[in-house]
Protein chains: 2
Amino acid sequence: MYRISQLAKRFGLSRSTLLYYDQEGLLCPSARSEAGYRLYSERDLDRLAAIASFRKAGLSVEEIRAILAAPEKGEQSVLKRRLAAVGEEITALKAQQSLLARMLRVQSGEALPESMDKATWVAMLRAAGMDDRAMETWHAEFERRAPQAHHAFLLSLGIAEQEALTIRRLSQSAWAGAEGGDPD
Amino acid sequence: MYRISQLAKRFGLSRSTLLYYDQEGLLCPSARSEAGYRLYSERDLDRLAAIASFRKAGLSVEEIRAILAAPEKGEQSVLKRRLAAVGEEITALKAQQSLLARMLRVQSGEALPESMDKATWVAMLRAAGMDDRAMETWHAEFERRAPQAHHAFLLSLGIAEQEALTIRRLSQSAWAGAEGGDPD
DNA sequence: ACTAAACCGTGAAGCGGTAGACGGGTCAAG
DNA sequence: CTTGACCCGTCTACCGCTTCACGGTTTAGT
């Protein structure tokens with residue numbers, strides 16, 4: 001049996017948050033001491049773990065309540081909905097980013113190199129001693145192990161869809177060619 | 001002279017928003033009709049354009065007030081601060097994204113091999129001929145050129161916040177001159 | 001037994017920005 | 001002069017907590 005502040009510390013939450021969860025009926029302690037103190041059981045602890053996890057995923061208290069009340073019913077759809085919403089939020093923030101960048105550039109002419117682009121990336125790998133051949137091997141490995149992540153990565157470097165596909169195709173053929181055994 | 005709802009429609013804002021701006025002293029109509037209606041002049045219109053722009057960049061009403069009161073004074077720093085904050089928000093949302101993806105994966109039973117983790121990444125680089133020392137150099141380069149992207153990248157490999165910070169700190173010191181120590 | 005610190009409970013107010021309800025004013029047509 | 005549509009200003013509620021205030025309880029030390 002834990003008291004409220006112990007539990008809070010254990011989960012890295014504040015006491016107020018737990019009070020709020022109680023008030024909202026999301027996590028009501030399964031017992032009270034004689035003095036009226038909230039006492040949380042092991043089962044409460046598990047429930048809180050789930051709650052904290054869902055909150056980290058950005059679900060609202062309302063949504064979490066629904067999921068915990070009937071998990072089999074709509075958990076999946078709630079999560080999917082949230083996933084879509086997160087995507088939109090990221091898109092919106094990226095728009096803010098470029099707007100801010102434009103505003104700053106107007107002001108000071110220069111832009112900061114906060115994000116990664118193709119040239120920077122290649123320069124980094126070269127600085128670490130990678131040559132053309134090594135990079136080719138690397139792309140092939142990436143494509144073989146995680147084609148989708150490979151694609152996403154190329155796009156994240158600002159490479160266009162078309163070019164990304166080309167690179168991936170080349171990577172695949174490199175791998176196919178290496179299959180026969182072609183040690184360095 | 002525009003009335004409040006006309007102005008709202010013109011800027012794609014809601015009437016409530018303009019009411020709120022007035023209440024906060026951010027955009028007070030320069031006149032009132034006999035019946036007490038808010039009347040906005042052309043100059044108010046310009047001011048609103050600026051406000052809307054800053055809001056689109058995610059600045060708070062408070063920050064916008066400061067900028068409009070003394071543009072020459074701290075506009076730049078406010079924008080930079082916001083830019084950094086946006087970066088962090090994006091990072092946080094990406095973390096939510098992967099958490100959600102993991103949750104959905106657990107539900108649907110299958111683990112897709114589509115995403116990249118630390119071990120896979122390291123294995124790929126090794127396959128391409130990178131050794132410990134090269135990786136160290138690479139981290140240092142990444143940290144130097146784009147610290148924020150470096151951080152986001154580490155998190156995308158499923159590395160925890162704490163560990164990511166440790167790696168970044170090591171990368172910085174490696175850059176600063178000290179060498180040796182342990183690799184990935 | 002007493003005190004001080006650290007805990008606990010409840011209740012209420014606050015944050016930013018938006019949305020809605022409410023009652024009343026304005027302006028057309030009839 | 002009335003009806004109805006629409007606009008206005010003001011006030012309140014919402015999210016997910018956080019902070020504050022006030023008073024009771026527990027714990028440790030003397």
Side-chain angles (χ1 to χ4, degrees), chain A residues 1-40 44 48 50-68 78 81-82 85-86 88-89 92-93 96, chain B residues 1-40 44 48 51-68 78 81-82 85-86 89 92-93 96:
Chain A
M1 286 301 200
Y2 301 83
R3 289 193 306 193
I4 192 165
S5 289
Q6 295 172 345
L7 196 59
K9 202 170 296 178
R10 234 178 143 82
F11 278 80
L13 303 173
S14 72
R15 185 178 84 108
S16 331
T17 303
L18 295 184
L19 287 172
Y20 175 66
Y21 288 166
D22 186 9
Q23 180 184 321
E24 293 300 303
L26 194 56
L27 179 72
C28 302
S30 45
R32 292 271 189 155
S33 78
E34 286 197 22
Y37 286 15
R38 289 168 177 77
L39 296 177
Y40 295 87
D44 295 334
L48 181 54
I51 293 172
S53 192
F54 284 129
R55 276 270 55 215
K56 256 189 219 158
L59 268 58
S60 75
V61 165
E62 194 54 42
E63 290 167 328
I64 297 176
R65 182 170 20 222
I67 288 185
L68 291 183
V78 173
R81 188 149 27 90
R82 176 65 193 157
V86 168
E88 281 174 30
E89 284 174 40
L93 283 175
Q96 290 198 9
Chain B
M1 285 301 200
Y2 302 84
R3 289 193 305 193
I4 191 165
S5 289
Q6 295 173 344
L7 196 60
K9 204 171 295 177
R10 230 179 144 82
F11 278 81
L13 302 173
S14 71
R15 189 176 78 104
S16 326
T17 303
L18 295 183
L19 288 172
Y20 175 65
Y21 289 166
D22 184 10
Q23 179 184 321
E24 293 300 304
L26 192 56
L27 179 71
C28 302
S30 44
R32 292 270 188 157
S33 78
E34 287 197 22
Y37 289 13
R38 279 164 249 258
L39 297 177
Y40 295 87
D44 294 335
L48 181 54
I51 293 173
S53 191
F54 284 128
R55 274 266 57 211
K56 255 188 218 156
L59 296 186
S60 74
V61 166
E62 193 54 40
E63 290 166 328
I64 297 175
R65 179 168 25 221
I67 288 185
L68 291 183
V78 172
R81 188 148 28 89
R82 177 63 194 157
V86 169
E89 283 172 41
L93 283 176
Q96 289 197 9

Rounded to whole Å, CZ of B:Phe54 lies from C1' of C:dG17 at a distance of 19 Å
A:Arg32 atom CZ is separated from C:dG9 atom P, nearest whole Å, by 6 Å
So the salt bridge (charged side-chain N to carboxylate O under 4.0 Å, His left out) pairs with at least one residue in residues 11-21 of chain B (sequence neighbours excluded) are none
Measure the spacing between CD of B:Glu89 and CD of A:Glu89 and express it to the nearest 0.5 Å.
9.5 Å
What integer distance in Å separates B:Ile51:CD1 from C:dT18:P?
12 Å
Nucleotide D:dT10, atom C1' - distance to CD of B:Glu24 in whole Å
15 Å
Between atom CD1 in A:Ile4 and atom C1' in C:dC7, what is the gap in whole Å?
11 Å
When the nearest nucleotide of DNA chain C is assigned to B:Arg3 and to A:Asp22 on a heavy-atom basis, which residue is associated with the more 5' position?
A:Asp22
Take atom CE of B:Met1 and atom P of D:dC7, then tell me their distance rounded to the nearest Å.
20 Å
In a table with atom names and distances, give each donor-acceptor pair under 3.5 Å that connects a side chain of residues 5-14 of chain B to protein atoms at least two apart or in another chain.
residue, atom, partner, partner atom, Å
B:Gln6, OE1, B:Arg3, N, 3.0
B:Ser14, OG, B:Thr17, N, 3.2
B:Ser14, OG, B:Thr17, OG1, 2.8

Please list, one pair per line, the donor and acceptor atoms closer than 3.5 Å that link side chains of residues 25-34 of chain A to other protein atoms, with sequence neighbours excluded.
residue, atom, partner, partner atom, Å
A:Ser30, OG, A:Ser41, OG, 3.2
A:Ser30, OG, A:Asp44, OD2, 2.8
A:Arg32, NH1, A:Gly36, O, 2.8
A:Ser33, OG, A:Ala35, N, 3.2
A:Ser33, OG, A:Tyr37, N, 3.1

Nearest 0.5 Å, what's the CD1-CZ distance between A:Ile4 and A:Arg38?
5.0 Å
Residues passing the side chain to side chain contact (heavy atoms under 4.5 Å, CB included) test with A:Glu63, sequence neighbours excluded, are A:Leu59, A:Ser60, A:Val78, A:Arg81
Return the CZ to CD1 distance between A:Phe54 and A:Ile67, rounded to the nearest 0.5 Å.
4.5 Å
By side chain to side chain contact (heavy atoms under 4.5 Å, CB included) - contacts of A:Ser53 (at least two apart):
B:Met103
Protein-nucleic acid N or O pairs under 3.5 Å, nucleotides 3-6 of chain D:
none

Suppose the criterion is salt bridge (charged side-chain N to carboxylate O under 4.0 Å, His left out): which pairs have a residue in residues 53-62 of chain B, not counting sequence neighbours?
B:Glu62-B:Arg65
Nucleic acid footprint by protein, nucleotides 11-25 of chain D - heavy-atom cut-off 4.0 Å, B for base, S for sugar-phosphate alone:
-----BBBB----BB
Mind calculating the distance between CG (B:Leu18) and C1' (C:dA19) to the nearest angstrom?
14 Å
For the pair made of CG in B:Leu39 and C1' in C:dG25, what is the distance, rounded to whole Å?
14 Å
